[in-house]
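Quick notes on the structure that follows.
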Amino acid sequence: MDSVEAPKKSLNFIEAMVEQDLRDGLNNGRIQTRFPPEPNGYLHIGHAKAICIDFGIAEKYNGICNLRFDDTNPLKEDVEYVDSIMEDIQWLGYQWENVYYASDYFQQLWDLAEKFILDGKAYVDEQSSEEIAKQKGTPTVPGTESPYRNRPIKESLELFRKMNTGEIPEGKMVLRAKIDMTSPNMHMRDPIMYRVITDHPHHRTGWTWKAYPMYDFAHGQSDYFEGVTHSLCTLEFEVHRPLYDWFIDQFQETDYRPRQTEFNRLNLTYTVMSKRRMLQLVEDGLVSGWDDPRMPTLCGLRRRGYTPEAIHNFIDKIGYTKYDGINDYGLLEHAVRETLNKTATRVNAVLDPVKLIITNYPEGQVETLQTENNPEDEQAGIREILFSRELYIERDDFMEDAPKKFFRMTPGKEVRLKSAYIVMCTGCKKDEEGNIVEIYCEYDPNTKSGMPDANRRVKGTLHWLSTENVVEAEVRLYDRLFIVENPTADERDFRELINPDSLKVLTGCFVEPWLKNEPALSYFQFQRVGYFNIDPDSSAEKLIFNRTVSLKDSWAKEKRK
RNA sequence: UGACUUAUGGUGUAAUGGUAGCACUACAGAUUCUGGAUCUGUCUGUCUAGGUUCGAAUCCUAGUAAGUCAGCCA
């Protein structure tokens with residue numbers, strides 16, 4: 001029988017692996033993932049990619065996903081970030097099964113570390129970090145063993161305990177796994193498991209601990225304690241995997257074990273994604289903060305007008321592979337346009353207003369016209385707009401001497417005023433400097449939208465507002481933050497590569513009056529212009545809109561020719 | 001010159017030994033009361049060289065190129 005089912009969307013390699021594991025009956029068919037942020041900064045679109053796979057896999061295969069804060073470095077972490085991270089995850093539409101902290105496992109990790117010492121698999125090294133680094137060798141030169149490597153187990157155990165009492169100053173001792181100093185994998189050359197941090201409290205455990213586990217010892221073991229089956233992370237942890245597996249090999253008690261799988265991180269053109277660089281942008285005042293609408297942070301994108309659906313749409317398009325490429329910023333813009341096109345209410349807004357006078361329209365007359373809220377959505381309904389003799393139109397929509405392909409207002413030509421009448425341009429008035437101050441036209445009363453004559457073919461349609469019925473607004477036009485595709489790869493400092501036009505603030509713009517009562521973050525399509533949302537700093541007294549993304553503009557393209 | 005990983009149009013991603021497809025971009029055209037959206041079409045691709053096979057983007061070998069790793073960061 002013929003069927004018209006949509007072709008099955010192919011699985012990405014992680015989904016394929018999970019389905020294979022399920023077929024193999026691995027871990028009794030249990031699927032558990034985790035999203036493990038370090039609470040030391042704000043989440044960005046790259047994290048969103050990780051969140052979507054971590055939570056998405058759990059959701060798709062009836063598993064669970066926990067949120068686990070990887071808080072093993074008290075120097076860098078703060079509660080301040082915990083709340084914003086949770087907010088961003090929920091904004092994306094996900095709910096974790098449990099919230100855990102790596103610091104919840106400090107005792108368990110400690111006991112495990114002692115077991116490693118007792119088993120002769122870890123030792124306390126008293127050398128300086130410089131000495132340890134020197135002995136580590138290089139990728140091409142094998143390392144040499146520490147003189148403390150074969151000290152008595154009892155000695156290591158005593159010293160390890162002292163590392164946690166404050167008796168041992170910072171930097172004087174570390175606990176190291178005893179693996180192989182000649183391994184071609186640097187991470188296997190007796191990696192550090194614990195270091196001492198005495199003069200900084202942990203944001204959750206305070207002064208309880210003086211010895212803190214390193215990522216490699218904390219992360220995999222936390223996965224194991226929690227019962228994670230699929231530990232998904234980005235490509236740079238590939239070389240850590242042998243160590244991840246080695247630790248678990250040493251104490252694994254049943255068939256169960258977590259498996260680490262790496263996927264490509266998200267790189268975006270015209271964007272910097274590293275926490276360090278983003279922090280510099282904030283600290284140098286190059287952006288207004290972490291939630292500056294030009295930032296790739298989730299709070300920045302949210303303020304810019306991106307919706308969770310738009311983010312998901314984008315993440316769906318880019319996929320998960322092991323190839324470390326760079327994604328087009330244009331694809332992100334396409335994703336948000338595609339999403340908002342279906343949902344954004346259309347409104348009239350005139351960003352650069354000039355007065356249009358309909359000379360044959362009765363003075364003082366006001367008509368109430370109807371217009372669609374969204375032609376892409378029949379459910380969206382219609383609303384009323386007021387029409388009168390004097391209107392505002394976009395300065396760009398008039399040219400006194402227009403080229404042939406200019407389909408807008410120019411003397412002697414007809415254009416349609418959206419949802420109103422067809423008008424014929426008759427001229428304009430200029431000031432002494434030649435600036436156009438008024439444009440004149442005559443309307444055809446028989447061409448009101450809905451009337452038979454309104455079906456006349458007219459090339460251009462303009463948006464407009466009645467001068468009687470507008471409210472003023474500030475409009476912030478945002479564009480990509482950098483002028484080069486890959487600021488990180490450029491030899492110049494990335495701060496010199498900032499797009500000087502990434503923000504243009506327009507004042508004296510006009511919008512439909514009802515918009516002043518809409519809540520912050522509401523989003524709209526300014527008809528023929530772009531997608532805009534209401535900035536959180538906006539108020540009924542002072543309306544502020546952010547441009548999320550412009551509409552595609554084939555006239556701009558035509559003009560360039 | 002070590003280990004690990006990767007290589008499919010300009011970009012991202014499919015094809016799981018059997019017709020190289022999709023999306024974005026670009027470019028045409030149709031259509032349109034948004035120069036938006038929608039629709040149609042066009043351009044452009046399996047890193048190289050060997051091998052296995054009836055058949056290779058896919059498997060093997062070698063090369064080339066790229067990424068990651070030498071924090072008491074994660």
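Atoms considered below: every heavy atom in the structure, side chains included; atoms not considered: hydrogens, waters and symmetry mates. Letters go in sequence order (proteins before strands), and every chain restarts at 1.
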(message) Can you say whether a donor on the side chain of H240(A) sits under 3.5 Å from an acceptor on the base of A74(B), or the other way round?
(response) yes
(request) Please identify each residue that fulfils salt bridge (charged side-chain N to carboxylate O under 4.0 Å, His left out) with E414(A), with sequence neighbours left out. (result) R456(A)
(message) Can you measure E372(A) atom CD to A37(B) atom P for me and round it to whole angstrom units?
(response) 17 Å
(message) Would you call the rings of H47(A) and F35(A) parallel, tilted or perpendicular, taking 30° and 60° as the class edges?
(response) perpendicular
(message) So if I take every side-chain heavy atom of S554(A) and compare against G35(B), A74(B), C72(B), which nucleotide ends up nearest?
(response) G35(B)
(request) Give the C-alpha distance, both sets of side-chain angles, the deciding distance and a yes or no for salt bridge (charged side-chain N to carboxylate O under 4.0 Å, His left out) between R68(A) and D223(A). (result) CA-CA 9 Å; R68(A) 183 177 73 231; D223(A) 283 346; 2.9 Å; yes
(message) Taking salt bridge (charged side-chain N to carboxylate O under 4.0 Å, His left out) as the definition, give me every residue that meets it alongside K405(A), ordered by chain and number, with sequence neighbours left out.
(response) E558(A)
(request) Quick one: the dot-bracket string of RNA chain B, using Watson-Crick and G-U wobble pairs with both distances under 3.5 Å, [ ] for crossing pairs and | for bases paired to another strand. (result) .((((((..((((....[..)))).(((((.......)))))....(((((..]....))))))))))).....
(message) So W209(A) and T72(A), do their side chains get closer than 4.5 Å, heavy atoms only?
(response) no
(request) Flag yes if more than 12 heavy atoms outside K317(A) fall under 6.0 Å of its NZ atom; otherwise flag no. (result) yes
(request) Look at the side chain of T138(A) and decide which nucleotide, out of A70(B), G36(B), C72(B), has an atom nearest to it. (result) A70(B)
(request) Answer with yes or no whether R408(A) presents, from its side chain, a donor or acceptor under 3.5 Å of a partner atom in the base of G35(B). (result) yes
(message) With rounding to the closest Å, how many angstrom separate the C1' atoms on U48(B) and A7(B)?
(response) 12 Å
(request) Rounded to whole angstrom, note down the P distance from A65(B) over to C72(B). (result) 31 Å
(message) Applying the 5.5 Å / 30° rule, does Y215(A) stack onto the base of A74(B)?
(response) no
(request) Could you give the distance separating U64(B) and A70(B) at their C1' atoms, to the nearest angstrom? (result) 26 Å
(message) Tell me whether the rings of F387(A) and W464(A) are parallel (<30°), tilted (30 to 60°) or perpendicular (>60°).
(response) perpendicular
(message) Rounding to an integer number of angstrom, what distance separates A15(B) and A56(B) when you compare their C1' atoms?
(response) 13 Å
(request) Establish, with yes or no, whether the OP1 or OP2 oxygen of C69(B) is under 4.0 angstrom from a side-chain nitrogen or oxygen of H187(A). (result) no
(message) Strictly below 4.0 Å: does K134(A) bring a side-chain N or O up to OP1 or OP2 of A70(B)?
(response) no
(message) Using a 6.0 Å cut-off, check whether atom NZ of K322(A) has over 12 heavy atoms from anything other than its own residue.
(response) yes
(request) Would you indicate which nucleotide in G71(B), A26(B), G35(B) comes nearest to any side-chain atom of K557(A)? (result) A26(B)
(message) Just the rounded figure in Å: distance from C1' of G35(B) to NE2 of H463(A).
(response) 13 Å
(message) Parallel, tilted or perpendicular, judged at 30° and 60°: which one describes the rings of Y212(A) and H202(A)?
(response) parallel
(message) Please give the distance between the C1' atoms of U44(B) and A20(B) as a whole number of Å.
(response) 14 Å
(message) Expressed as a whole number of angstroms, how long is the span from D396(A):CG to U34(B):C1'?
(response) 15 Å
(message) Closer than 4.0 angstrom, basic N to acidic O: yes or no for E126(A) and R151(A)?
(response) yes
Give me the distances for all protein-to-nucleotides 60-62 of chain B N/O pairs that come in under 3.5 Å?
none

(request) For U6(B) and C60(B), measure between their P atoms and round to the nearest Å. (result) 11 Å
So which protein nitrogen or oxygen atoms get under 3.5 Å of nucleotides 13-20 of chain B's nitrogens or oxygens?
unit_1: U13(B); atom_1: OP1; unit_2: N264(A); atom_2: ND2; d: 3.2
unit_1: U13(B); atom_1: OP1; unit_2: T321(A); atom_2: OG1; d: 2.8
unit_1: A14(B); atom_1: O2'; unit_2: S10(A); atom_2: OG; d: 3.3

(request) Provide, to the nearest angstrom, the distance between the CD1 atom belonging to I192(A) and the C1' atom belonging to G71(B). (result) 8 Å
(request) Tell whether E376(A) reaches the base of G36(B) with its side chain through a donor-acceptor pair below 3.5 angstrom. (result) yes
(message) In terms of relative ring orientation, are F526(A) and F532(A) parallel, tilted or perpendicular, with 30° and 60° separating the classes?
(response) parallel
(request) Look at the aromatic rings of F263(A) and Y320(A) and report parallel, tilted or perpendicular, splitting at 30° and 60°. (result) perpendicular
(message) Rounding to an integer number of angstrom, what distance separates G18(B) and U25(B) when you compare their C1' atoms?
(response) 32 Å
(message) Give me the distance, rounded to whole Å, that separates G36(B) from A26(B) when you measure between the P atoms they each carry.
(response) 12 Å
Filtered N/O pairs between nucleotides 63-67 of chain B and protein, under 3.5 Å:
unit_1: G67(B); atom_1: O2'; unit_2: D324(A); atom_2: OD2; d: 3.2

(request) Return no unless some side-chain N or O of R528(A) is found under 4.0 Å from OP1 or OP2 of G35(B). (result) yes
(message) One pair to check against side chain to side chain donor-acceptor pair (under 3.5 Å): T182(A) and D180(A). What are the steps and the verdict?
(response) CA-CA 5 Å; T182(A) 66; D180(A) 178 7; 2.7 Å; yes
(message) Which is it for G71(B), anti or syn, if anything within 90° of zero counts as syn?
(response) syn
(message) As an exercise, state the distance from CG of D216(A) to CD1 of I192(A), rounded to the nearest 0.5 Å.
(response) 10.5 Å
